[in-house]
There are 2 protein chains.
Amino acid sequence: MFFQIDFDNRLAIYDQVVRQITFAVAGGVLREGELVPSVRELARELTINPNTVARAYRQLQDHGVLAGVRGTGLAVAAGAAKQCREERVGLIRSQLEQVFGEARQSQIDPRKFRTLVEQELERQMPDGAGKAESRKPKAEG
Amino acid sequence: MFFQIDFDNRLAIYDQVVRQITFAVAGGVLREGELVPSVRELARELTINPNTVARAYRQLQDHGVLAGVRGTGLAVAAGAAKQCREERVGLIRSQLEQVFGEARQSQIDPRKFRTLVEQELERQMPDGAGKAESRKPKAEG
DNA sequence: TATACTGTATTACGTCGATAATACAGAGGG
DNA sequence: CCCTCTGTATTATCGACGTAATACAGTATA
């Protein structure tokens, strides 16, 4: 499947599942109408408990990302893609707020911090370098 | 005192205390040899349990940041400043790795992500703007 | 010496996230 | 109809974190 669980992460497992499904829908990996793995199947795959998956799925239903197809399972709801893209920006922004806030509070030298940020940015998202870039015809969301 | 606890944060309280003490030492807010608040005093101040503070203090002792002064309390250990500055960079870098990694996995557009980063950077650390800046004669690690 | 402070240790309790083992109703497919 | 899949619900157990209430040894200070 398209994602994995980080057991060392402090984030609750069901929350990780929620995020990853959200990101998958936002990125088009999961399209509207497409069925998600069953509770038991995903649980087996991630070696976690079915109840944990069920909890994540229920939350995703409450948020309108998934919708039940009677007798068949759960599918990505109509209009979920746009909603998830917005949710994605919100989640990422809040993460940045927290990390940057702690960095600021730590009294690290702002220039040194910016260097750190640039390094990581370059290391993990080389495509976003500089301002413009020669379009690479590589797979992209 | 110089820090505060975020009870909504998923991070354990004792861990928040450890980080903040570490950052305070790294930033020179707490200097080597200086006494830290007593277990009970800090607990009262942060409205948390003395045991929680004690746990944080013990961990800081194990890491060599604090050292006991018999019958008096705990003080910032010799050589802790440099150690904490290194620790600070490591902590911040690992936070950045995690957030950037999740962003990358979310398949957000790299340019959009960079914009988000720049926005937050500007919003929280305006001093780090551009490349150079009028040197402020402020304390720095 | 007596008091008040220091850190430390112990035991009990509550919450929350996760696991585990079930059980149930509903629908698809042979 | 029967079997198997679906999501859902329930109850119990476990561990980590935090709280709470003590108790203790050691030291500074009056």
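In this text the structure is predicted, and so the values were computed from the model without any measurement. Labels below follow one simple rule: chain letters A, B, ... track the order of the sequence lines, proteins then strands, and each chain is numbered from 1.
Nucleotide C:dG7 holds its P atom 13 Å from the CG atom of B:Leu60, rounded to whole Å. Counting to the nearest Å, the C1' atom of D:dA9 and the OH atom of A:Tyr57 are 18 Å from each other. Rounded to whole Å, atom C1' of C:dT8 lies 10 Å from atom CD of B:Gln61. As rounded to whole Å, 7 Å separates atom P of C:dT6 from atom CD of B:Glu41. The separation between B:Asp6 atom CG and D:dC17 atom C1' is 16 Å, rounded to whole Å. The distance between atom CD of B:Gln59 and atom P of D:dC17, rounded to the nearest whole Å, is 10 Å. Regarding B:Ile5, its CD1 atom lies at a distance of 12 Å from the C1' atom of D:dG18, rounded to whole Å. Rounded to whole angstrom, the span from the CZ atom of A:Arg44 across to the C1' atom of D:dC5 amounts to 12 Å.
The side-chain hydrogen bond (donor to acceptor under 3.5 Å, both in side chains) search around A:Arg31 returns none, not counting sequence neighbours. Partners of B:Tyr14 according to the ring pair (Phe, Tyr, Trp, His ring centres under 6.0 Å) rule, which considers only residues two or more places apart in sequence or in another chain, do not exist here. Annotation: side-chain hydrogen bond (donor to acceptor under 3.5 Å, both in side chains) contacts of A:Arg58 (sequence neighbours excluded): none. Considering only residues two or more places apart in sequence or on other chains, A:Arg44 meets the side-chain hydrogen bond (donor to acceptor under 3.5 Å, both in side chains) condition with none of them. Under the rule for a side-chain hydrogen bond (donor to acceptor under 3.5 Å, both in side chains), the partners of B:Glu120 that lie at least two apart in sequence or sit in another chain are B:Arg123, B:Gln124.
Counting only residues at least two apart or in different chains, salt bridge (charged side-chain N to carboxylate O under 4.0 Å, His left out) contacts with residues 63-85 of chain A are absent. Listed by first then second residue, pairs satisfying salt bridge (charged side-chain N to carboxylate O under 4.0 Å, His left out) with a partner in residues 9-19 of chain B read A:Arg10-B:Asp15, A:Asp15-B:Arg10, A:Glu102-B:Arg19, not counting sequence neighbours.
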**Complete:** Scoring nucleotides 15-25 of chain C by protein non-hydrogen atoms under 4.0 Å (B base, S sugar-phosphate only, - none) yields --SSBBB-B--

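Annotation: proximity of residues 64-77 of chain B to DNA chain C (heavy atom, distance under 4.0 Å) is found for B:Thr72, B:Gly73, B:Leu74, numbered in ascending order.
With contacts defined as side-chain heavy-atom distances shorter than 4.5 Å, the pair A:Ile92/B:Ile108 qualifies.
The residue among B:Arg58 and B:Ser38 whose nearest nucleotide of DNA chain C is located toward the 5' end is B:Ser38.
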**Prompt:** Run the salt bridge (charged side-chain N to carboxylate O under 4.0 Å, His left out) check on A:Arg93 and A:Glu97 step by step: do they pass?
**Reply:** CA-CA 6 Å; A:Arg93 192 198 304 275; A:Glu97 276 177 25; 5.2 Å; no

